[in-house]
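Letters A, B, ... mirror the listed sequences (proteins, then strands); counts begin at 1. Only a predicted model underlies this, so the values are computations on that prediction, with no experimental measurement involved.
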Amino acid sequence: MEIRGLRAGYGTRVIIDEISLALEAGEWFALMGPNGSGKTTLLDCVVGRLAVARGEVRIAGCSLIEDPLGAKRQLGYACAPESLPGLLTARQCLEVHAGAKGLSSVDAELLQFADELQFLPYLESFVDTLSLGTRQKLSILLCLLGDPKLIVLDEAFNALDPRSALVVKRHLRLRLEHSGAAVLMATHALDIVEHHADRAGLLMDGRIQREWLQQEIAELRLKGTGFEAALAQSMPQ
Amino acid sequence: MEYAGSGTASALMLRNAPRLMAGYLAWLNRRRDNPRRHLLLAAALVAAWAITAALLIVTAQPATAAGLAWVYRHQFLLAGLAACTTAALVARRHATERSEAARSWLAALPVRRTAARWESLAIAAAPALGVIFIVAAAGGTAWMWSLFASDPAQGALAPTWLAVTAGVVAGAMTGYLVPAQKPTEVAPGSRYVPRPRVLGARPPAPSLSALGQWPVRQMFASARPKAVSRAVLPILLTIPLGSTAGAAMLDIAMCAVLGAVLLLVSAITRVSRQSARWLQPLPLPRALLARRLLVRPLAVIVAAALIAAWLLWVMGSPPTQALKYGFSLLVVSSLVAVMGSAAAISRTRAGPR
């Protein structure tokens, strides 16, 4: 994925400006930042939910503006659990997503992952009867349908229990290693940044102010202060 | 803490009533966003009232005189009706207000018991204020007419107006004092939707057909049993005395068909907006989404139009006329559904959150 000179906002209010970011295949990028710094706005631009004012987003070589269908074929996005349709069953949500992505079948690997997440018993349930965590699992499953090359997650671990969260993290790491996908994830969870991310960026005042590589994060963790302190220092009062 | 409107007399009065204060501030914010809208609405209401009054005075003098004479004679009946209506409105609002107050974001605030009681009364009795306003407007119109027409019974107007207003006040107090029902949890919408058949343990197969089921399910979800039972009552009241059970059943069936079409058309627009937003990050062309959303609901509308035509024929309309009305229903509802869906989908794509 490649973002170049991205500017976006709501009405006349600019939220993010001059954002440039490139993700290699197999890379896990954690996007951090204070509340209201524009993390979700940036992800909305990347998945085509928000029209950009300036700049370009390319996913697996396809421009999101010039070839939106081509770009979206390579994309998996875990929407907020409350955005899922309450009157469809979980099975139907999977079927609609698979149909919209033009798949010939739902891959067995994903169903196995659903089984690991203990989601299969809820397949015939209406979404509005599912708990928040179960909806979050469904959202992640929908995101991973069709082997996307870019996986976009917006605080997707928030409602998950620790066991399910660990299963998802391990599965994502496996996908990065075997299918060459990249993960772009907005999060406040420092354990994900410290243990799973290959790179982390701090979004503030509409720009990515600072980036850390995995090695730097590991070094900071080994020092007495830790990554949390380094992150706090990077955020001015 | 200082904020917009905090220094006004109204804000100072509401300082001890947090829910009223929150409502007042929200109203101030809405007015700030679009200050002309309220003025335009008020002007439109006054203009509509003035035109109605002028028409009554100028064009329908004998009918208006007869109507007013009827009102004078039945003032206690009208007062009773006003009392019953207001009591029902206030009791319902009070019940809703009680259940919402317990879950409100302001529920944990320390509010004095007397202040909370007054606040609750003010919120619950708001419909009574509306009824009093309407009664006052109607009384004002009648008073203008009686002046213009030198109505001999002009003196009866004030007691009638007073009786009806007293009825509203008494109804509001009675409605407020109705004891609370057992609290019930709000049910998920899918509770009222027919469950899909489960055909064994098969893996999900890619298909967009569920999109067509969604508006139909939304229609069922909107037609909750309580709403349906409430809708049936006025229908029953409109059936004249002496009607046969068969005729009444036909009336109810016709209302059910028209209600279902109305709910389905509104469901199509709502679902189009939701689905377009949900499926926005997917490579799904707009036209395909619209087609998948519309095909099944339009088939339901065709079936409803045929049933409506058949019901009209059974009710005694000539076959050609029944077909004409059925066709009109089909065309109008399909057009509204298609246009609503297209507008919702095109407006949702790549827009702001």
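In this structure the side chain of A:V96 never reaches within 4.5 angstrom of the side chain of B:P206, judged on heavy atoms.
When heavy atoms are compared at a cutoff of 4.5 Å, A:C45 does not approach chain B at all. For chain B, the nearby parts of A:P85 are the backbone and the side chain; heavy atoms of each come within less than 4.5 Å. Heavy-atom distances place both the backbone and the side chain of A:T89 under 4.5 Å from chain B. Contact of A:L88 with chain B is made through backbone and side chain together, with heavy-atom distances under 4.5 Å. Neither the backbone nor the side chain of B:Q274 comes within less than 4.5 Å of any heavy atom in chain A. Neither the backbone nor the side chain of A:L64 has a heavy atom closer than 4.5 Å to any heavy atom of chain B.
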Check: Where do A:F126 and B:R191 land on the side-chain contact (heavy atoms from CB on, under 4.5 Å) test, with the steps shown first?
Finding: CA-CA 9 Å; A:F126 283 110; B:R191 180 175 288 194; over 6 Å; no
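Taking CG of B:L282 as the start and NE2 of A:H97 as the end, the distance is 4.5 Å to the nearest 0.5 Å. Rounding to the nearest 0.5 angstrom, the gap separating the CD atom in A:E124 from the CZ atom in B:R195 is 8.5 Å. Between the CZ atom of B:R277 and the SG atom of A:C79 there is a distance of 10.5 Å, given to the nearest 0.5 Å. Atom OG of B:S190 is separated from atom CG of A:L130 by 9.0 Å, given to the nearest 0.5 angstrom. With rounding to the nearest 0.5 Å, the separation of NZ in A:K72 from CG in B:L279 is 10.0 Å.
Heavy atoms from other residues, nucleotides or ligands lying under 6.0 Å from CZ of B:F220 number 12 at most. Counting non-hydrogen atoms of neighbouring residues, nucleotides and ligands closer than 6.0 angstrom, the CZ atom of B:R270 reaches no more than 12 such neighbours. For A:E2, the CD atom is densely surrounded, since the number of other residues' heavy atoms within 6.0 Å is greater than 12. Residue-environment remark: CD (A:E18) exceeds the threshold of 12 foreign heavy atoms within 6.0 Å. Within a 6.0 Å sphere centred on OH of A:Y122, heavy atoms belonging to other residues, nucleotides or ligands number 12 at most.
Of the listed residues (A:L145, A:L87, A:V106), the greatest number of heavy-atom pairs within a distance under 4.5 Å of chain B belongs to A:L87. If you tally non-hydrogen atom pairs under 4.5 Å between each of A:S105, A:A71, A:A98, A:A100 and chain B, the highest count goes to A:A100.
Screening A:L75, A:D67, A:L69 for a side-chain contact (heavy atoms from CB on, under 4.5 Å) with B:P283, the sole residue that qualifies is A:L69.
Remark: B:R202 engages A:E95 in a salt bridge, criterion side-chain N to carboxylate O under 4.0 Å.
When all heavy atoms of B:P281 and A:Y77 are compared, the pair lying nearest together is CG-CD2, 3.5 Å.
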